[in-house]
Amino acid sequence: MQKNVFVYCNGNSKIGSGHFWRCLNIADELRKRQLAITFLYTSLSDKLQQVLAEKEYPGTALNTTLKEGFTEYLNGQSGRQRSNLLIVDSDLTEFYELDFQNAVIQTGTKLMIITVNPNFKYVSHLILNQNILSLSQNYDTSKETRALFGPEYFIYKLEYRDEEVRKKTKTNGDVLIAFGGADPCNYTFQLMKFILTKTELEHINFHVVVGPLNPQLDDIMEMCSGVGNVSVHYNTNRMKEIMQSCAIAVCSPGMVYWESILLGLRTILLSSSPREKPIAKFLNDQHYGLTISNYDEPLSTEKFELLEKELVLGTTEFYSRLDHLRGLINPKGVEKVAEEIEKILI
């Protein structure tokens, strides 16, 4: 029997590329298990489409997010000798509506939804929420829905999967500033503009990671050019190596956060989207990191001063429960997710 997985995700300068990279990591693991993968999207940047082409993944652009567009496509892929699964990774709530879920399932297609939203009824075959916040939330699911919740299912990139979870938080090292490929809140530019004015921070080495979708890429490069304690890394494939030289990461509560925690870094957090804001609050409240701002708030003088204080002095109160968090992490979480997918495609 042919087993097909259709992966729907988007990535662009407005929403960032986190959905795309998570789905790509899942796809790579499923391909190892001889499953056929096709990517679906309604808005995917040219650079991300190029990534799919380089990895030889078929990609199909859909012109709608309405259920009719998906059911028409999926009906065209059905057959007696096929077992199909649709994976949806999106913050658009129309994908969480029962109308959409039921319409997909009625085509004979299995459904997996990657979500951080507990405010909907889920009848999909699988739901995935890899954030620790999900362990304290109540999700309304059908009896047939298998829920994959928490960091034991975290989707790490390949180079992190054989890493042993660091037992102790690092106290000495450089500072990483990284907000993904797009940085939709323009945090990198704002933070570096502040940091470069502070003589008190001149003794700290900063590693600034920027991606191809960052709208102020040229301005960041120019601003940091020739600054002795600042290294700018563009679209780097050395992220793990850079992180290993750092003790603090300034980032959003997404992929970079979890990579940092795995490697023993402390984190200063700024949420970049509505989905990240409650996660950032939870991580701060649980002393898993220090959250200083959110996507819907301006970066005020007070917040810049808090950042400076934390970089210069450092505290332990914001990170007192990191050992507990690390005990929940499974660097090979993508393998557990793939195993669950294989089960429903039998």
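Computed from a predicted structure; not experimentally measured. Only this structure's heavy atoms are used, side chains among them; waters, hydrogens and symmetry mates stay out. Residue numbers count from 1 along this sequence.
- Of the possible donor and acceptor atoms, none in the side chain of Asp140 sits under 3.5 Å from a partner among the backbone N and O of Lys121.
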Side chain to side chain contact (heavy atoms under 4.5 Å, CB included) between Phe179 and Asn186, intermediate numbers included:
CA-CA 9 Å; Phe179 290 92; Asn186 195 28; over 6 Å; no
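- No more than 12 heavy atoms of other residues, nucleotides or ligands lie within 6.0 Å of CG in Asn172, so this atom counts as exposed by the packing criterion.
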For a side-chain hydrogen bond (donor to acceptor under 3.5 Å, both in side chains) check, start with the C-alpha distance between Thr109 and Asn84, then their side-chain angles and the critical distance, and finish with the verdict.
CA-CA 5 Å; Thr109 304; Asn84 294 341; 4.8 Å; no
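- At a threshold of 4.5 Å between side-chain heavy atoms, the hydrophobic network of Ile, Leu, Val, Met, Phe, Trp and Tyr places Phe194 and Leu290 in one connected group.
- Looking only at side-chain heavy atoms (C-beta outward), Lys281 and Thr291 stay at 4.5 Å or farther from each other.
- One side chain, Asp28 or Tyr57, offers a donor N or O that lies under 3.5 Å from an acceptor on the other.
- Remark: the Thr107 side chain and the Asn75 side chain contain no N/O donor-acceptor pair separated by less than 3.5 Å.
- Proximity of Asn129 to Tyr153: side-chain heavy atoms (C-beta onward) are nowhere separated by under 4.5 Å.
- With contacts defined as side-chain heavy-atom distances shorter than 4.5 Å, the pair Asn25/Leu158 does not qualify.
- Taking the six-membered ring where the residue is Trp, the centroids of Phe120 and Phe95 are separated by 6.0 Å or more.
- Residues Leu262 and Phe154 fail the side-chain proximity criterion, which asks for heavy atoms closer than 4.5 Å.
- Looking at Val51 and Trp21, their side chains come closer than 4.5 Å, going by heavy atoms from C-beta outward.
- Using a cutoff of 4.0 Å between basic side-chain nitrogens and carboxylate oxygens, Glu56 and Arg31 are not scored as salt-bridged.
- No salt bridge links Lys67 with Glu97; every basic N to acidic carboxylate O contact stays at or beyond 4.0 Å.
- At least one donor-acceptor pair closer than 3.5 Å links the side chain of Lys240 to the backbone N or O of Glu159.
- In terms of hydrophobic clustering, with Ile, Leu, Val, Met, Phe, Trp and Tyr side chains grouped at heavy-atom distances under 4.5 Å, Ile195 and Leu176 are assigned to a common cluster.
- Rounding to the nearest 0.5 Å gives a distance of 11.0 Å between CD of Glu200 and CG of Leu313.
- Ion pairing of Arg326 with Asp323 is present here, as a side-chain N (NZ or NE/NH1/NH2) and a carboxylate O approach within less than 4.0 Å.
- Note: the hydrophobic cluster containing Ile114 does not contain Met255 (ILVMFWY, side chain heavy atoms under 4.5 Å, direct or indirect links).
- Of all non-hydrogen atoms in Leu66 and Thr64, the two that sit nearest each other are N-OG1, 2.9 Å.
- For the atom pair OG1 (Thr236) and NE2 (His207), the distance works out to 11.0 Å, reported to the nearest 0.5 Å.
- Although no hydrogens or angles enter the test, the distance criterion places no donor-acceptor pair under 3.5 Å between the side chain of Ser320 and the main chain of His287.
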Determine, stepwise, if the pair Thr38 / Asn4 fulfils side chain to side chain contact (heavy atoms under 4.5 Å, CB included).
CA-CA 8 Å; Thr38 299; Asn4 303 305; over 6 Å; no
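- Distance alone, capped at 3.5 Å, is enough to place a donor-acceptor pair between the Ser134 side chain and the Gly150 backbone.
- When each of Leu269, Asn284, Leu270, Val250 is tested with Ile292 by the rule side-chain contact (heavy atoms from CB on, under 4.5 Å), just one qualifies, namely Leu270.
- Side chains of Thr115 and Tyr139: no donor on one and acceptor on the other come within 3.5 Å.
- For Gln190 (side chain) and Pro298 (main-chain N/O), no donor-acceptor pair under 3.5 Å exists by modelled atom type.
- For the pair Glu144 (side chain) and Val123 (backbone), a donor-acceptor distance under 3.5 Å is absent.
- Using modelled atom types, no side-chain atom of Ser225 and backbone atom of Met221 make a donor-acceptor pair closer than 3.5 Å.
- A salt bridge links Lys303 with Glu297: at least one charged nitrogen is closer than 4.0 Å to a carboxylate oxygen.
- A salt bridge does not link Lys336 with Glu339: every distance from a Lys NZ or Arg NE/NH1/NH2 to an Asp or Glu carboxylate oxygen is 4.0 Å or more.
- Looking at heavy atoms from C-beta onward, Ile177 lies out of side-chain contact with Tyr187 at the 4.5 angstrom threshold.
- Expressed to the nearest 0.5 Å, how far NZ of Lys170 lies from CG of Leu265 amounts to 5.0 Å.
- Side chain of Gln101 to backbone of Tyr96: a donor-acceptor contact under 3.5 angstrom is found.
- Using cut-offs of 30° and 60° for the angle between ring planes, the Phe6 and Tyr73 rings count as perpendicular.
- Between the side chains of Ser272 and Asp183, no donor N or O sits under 3.5 Å from an acceptor N or O.
- Cluster annotation: Tyr295 and Val256 are assigned to the same hydrophobic cluster (Ile/Leu/Val/Met/Phe/Trp/Tyr, side-chain heavy-atom contacts under 4.5 Å, transitive).
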Can Trp258 and Gln130 be said to form a side chain to side chain contact (heavy atoms under 4.5 Å, CB included), step by step?
CA-CA 10 Å; Trp258 289 99; Gln130 58 190 353; over 6 Å; no
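- Using a 4.5 Å cut-off on side-chain heavy atoms (C-beta onward), Asp296 and Pro274 make no contact.
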Using side chain to side chain contact (heavy atoms under 4.5 Å, CB included), reason through Phe100 and Val88 one step at a time and then give a plain yes or no.
CA-CA 11 Å; Phe100 178 86; Val88 175; 4.3 Å; yes
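- Atoms CD1 and CD1, from Ile37 and Ile87 in turn, are 7.0 Å apart once rounded to the nearest 0.5 Å.
- Between Phe20 and Tyr41, the closest side-chain pair of non-hydrogen atoms is not below 4.5 Å.
- Side chain of His125 to main chain of Leu111: a donor-acceptor pair is present (N/O by atom type, distance under 3.5 Å, no hydrogens or angles).
- The two atoms that bring Leu283 and Pro253 nearest to each other are CD1-CB, 3.8 Å, heavy atoms only.
- Judged by distance alone, with hydrogens and angles left aside, the side-chain atoms of Thr145 form a donor-acceptor pair with the main-chain N or O of Ser124 at under 3.5 Å.
- How far NE2 of His19 is from CG of Asp91: 4.0 Å, rounded to the nearest 0.5 Å.
- Considering Ser45, Ser17, Ser43 as possible partners of Asn12, the one that fulfils the side-chain hydrogen bond (donor to acceptor under 3.5 Å, both in side chains) test is Ser43.
- When all heavy atoms of Asn294 and Ala280 are compared, the closest pair comes out as OD1-CB, 4.1 Å.
- Few gaps surround CD on Glu68; more than 12 heavy atoms of other groups in view lie less than 6.0 Å from it.
- Summarising the geometry, atom NZ belonging to Lys3 is positioned 6.5 Å from atom CG belonging to Leu35; distances are rounded to the nearest 0.5 Å.
- Between the side chains of Thr42 and Tyr8, at least one donor N or O sits under 3.5 Å from an acceptor N or O.
- Using a 3.5 Å distance cut-off with no hydrogens or angles, the side chains of Tyr160 and Asp162 do not pair a donor with an acceptor.
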